[in-house]
Protein chains: 2
Amino acid sequence: MEIERCSCTVVHEDVIEKVKNLMPEEERLYDVADLFKVLGDSTRIKIICALFESEMCVCDIAALLNMSQSAVSHQLRVLKAARLVKFRKEGKVVYYSLDDEHVKMIFDLGLSHIGEE
Amino acid sequence: MEIERCSCTVVHEDVIEKVKNLMPEEERLYDVADLFKVLGDSTRIKIICALFESEMCVCDIAALLNMSQSAVSHQLRVLKAARLVKFRKEGKVVYYSLDDEHVKMIFDLGLSHIGEE
DNA sequence: CTCTTATATGAATATATGTTCATATGTTCA
DNA sequence: TGAACATATGAACATATATTCATATAAGAG
């Protein structure tokens with residue numbers, strides 16, 4: 001499905017050309033958006049935020065957030081797919097922890113942004 | 001609607017209590033998630049990424065992204081609500097630019113995360 | 001082996017959200 | 001004033017997604 005071009009006449013062709021050349025590859029932009037999409041859910045943000053402090057098993061997270069085990073497990077799957085968390089098994093229990101150095105910084109910058117009232 | 005607590009017995013009460021005390025207020029977590037939700041859309045990421053390079057009018061952005069003026073305008077509204085972009089009017093034309101120092105850093109950290117293959 | 005328990009997962013459902021379409025608003029220019 | 005145009009916006013629609021429910025998997029205990 002091809003979308004036709006905006007019909008405006010004030011298009012600044014030079015600016016568009018310049019910006020087009022400077023922007024990252026489209027695929028990378030999709031990947032970045034997907035990363036933020038993962039961070040853009042309150043349940044997942046809570047999980048990440050909890051894991052800043054300590055590794056936790058699924059049950060602990062469910063209890064902490066007052067959510068069902070299933071819901072937590074589904075979200076951990078998403079976080080795992082985004083390579084944001086890792087896990088280790090100890091018998092039946094699975095302990096999750098953060099798998100990234102950037103997330104804490106990203107989170108803190110996010111807090112900074114909303115903090116400046 | 002109250003969700004009942006996870007029935008697991010291996011809950012590490014001490015860990016949960018500790019983490020609960022260390023976590024930011026719930027409202028702030030919702031706000032952070034909302035911020036990342038705004039960043040978690042490829043159209044909006046593209047707009048932000050374009051504005052890193054230059055201020056642009058709505059028509060320019062629409063032409064650059066090959067999207068309808070309406071769709072771009074709707075997304076600019078979301079970005080504006082999140083205080084990520086600002087605008088200045090010059091006659092009929094509205095020029096948008098970034099309204100935050102953190103976004104560039106957040107974006108770059110996001111790129112770093114997906115970059116480490 | 002069988003029961004219990006911790007976790008994972010598939011399907012269904014309800015809700016959120018991005019784009020389109022039609023139209024409104026506001027500005028310039030004749 | 002009226003036409004042309006850049007932008008904004010509301011409603012509708014289609015799609016994405018988070019949670020629930022039921023159930024599967026896997027590991028330890030008896």
Lys/Arg cation over aromatic B:Phe52: B:Lys104, 6.0 Å, 45° cone: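 Cation-pi check for B:Lys104 and B:Phe52: passes.
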Cation-pi check, B:Lys89 onto B:Tyr95 ring (under 6.0 Å, within 45° of axis):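 Not satisfied by the 6.0 Å and 45° rule.
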Provide, to the nearest angstrom, the distance between the [atom1] atom belonging to [X] and the [atom2] atom belonging to [N].
| X | N | atom1 | atom2 | answer |
| --- | --- | --- | --- | --- |
| B:Tyr95 | C:dT27 | OH | P | 16 Å |
| A:Asp41 | C:dT17 | CG | P | 10 Å |
| A:Leu79 | D:dA18 | CG | P | 10 Å |
| A:Gln69 | D:dA24 | CD | C1' | 12 Å |
| B:Ile47 | D:dT7 | CD1 | P | 13 Å |
| A:Met56 | C:dT7 | CE | C1' | 16 Å |
| B:Lys92 | D:dA6 | NZ | C1' | 6 Å |
| A:Ile61 | D:dA18 | CD1 | P | 16 Å |

Looking at [X], I'd like to know whether one of its side-chain N or O atoms comes within less than 4.0 Å of OP1 or OP2 on [N].
| X | N | value |
| --- | --- | --- |
| B:Tyr96 | D:dA6 | no |
| A:Thr43 | D:dT19 | yes |
| A:Ser68 | D:dT20 | yes |
| B:Arg77 | D:dT9 | yes |

Side-chain-base donor-acceptor pair under 3.5 Å for A:Ser70 and C:dT7: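 Such a pair does not exist between side chain and base.
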Touch class at under 4.0 angstrom, heavy-atom based, for B:Lys89 against every strand present: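 The residue B:Lys89 makes no contact with any strand.
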Paired nucleotide for C:dT28 [Watson-Crick or G-U wobble; both distances under 3.5 Å]: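 Check on C:dT28: paired to D:dA3, both distances under 3.5 Å.
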Any strand: nucleotide that pairs with D:dA18 via Watson-Crick or wobble, under 3.5 Å: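 By the stated definition (distances under 3.5 Å), C:dT13 pairs with D:dA18.
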Ring centroids of A:His74 and D:dT19 base under 5.5 Å with planes under 30°: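 By the stated criterion, A:His74 and D:dT19 do not stack.
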Residue pair A:Lys86 / A:Lys80, side-chain heavy-atom distance below 4.5 Å: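 Not in contact.
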4.5 Å side-chain heavy-atom contact, B:Met23 and B:Leu29: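 Yes - at least one pair of side-chain heavy atoms lies under 4.5 Å apart.
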Nearest-nucleotide 5' precedence on DNA chain D, A:Ala71 against A:Asp34: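 Counting from the 5' end, the first nearest nucleotide belongs to A:Asp34.
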Between [options], spot the one nearest the side chain of [X], thanks.
| X | options | answer |
| --- | --- | --- |
| A:Ser73 | D:dA18, C:dT7, D:dT19 | C:dT7 |
| B:Lys37 | C:dG10, C:dT17, C:dT19 | C:dT17 |
| B:Val93 | D:dT7, C:dT7, D:dA18 | D:dT7 |
| A:Val58 | D:dT20, C:dT7, C:dG18 | C:dT7 |

Under 3.5 Å: donor-acceptor pair, side chain of A:His113, backbone of B:Ala82: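 Between the backbone of B:Ala82 and the side chain of A:His113 there is a qualifying donor-acceptor contact (under 3.5 Å).
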Note: A:Arg28-A:Asp31 ion pair, threshold 4.0 Å (strictly below):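 No, A:Arg28 and A:Asp31 are not salt-bridged.
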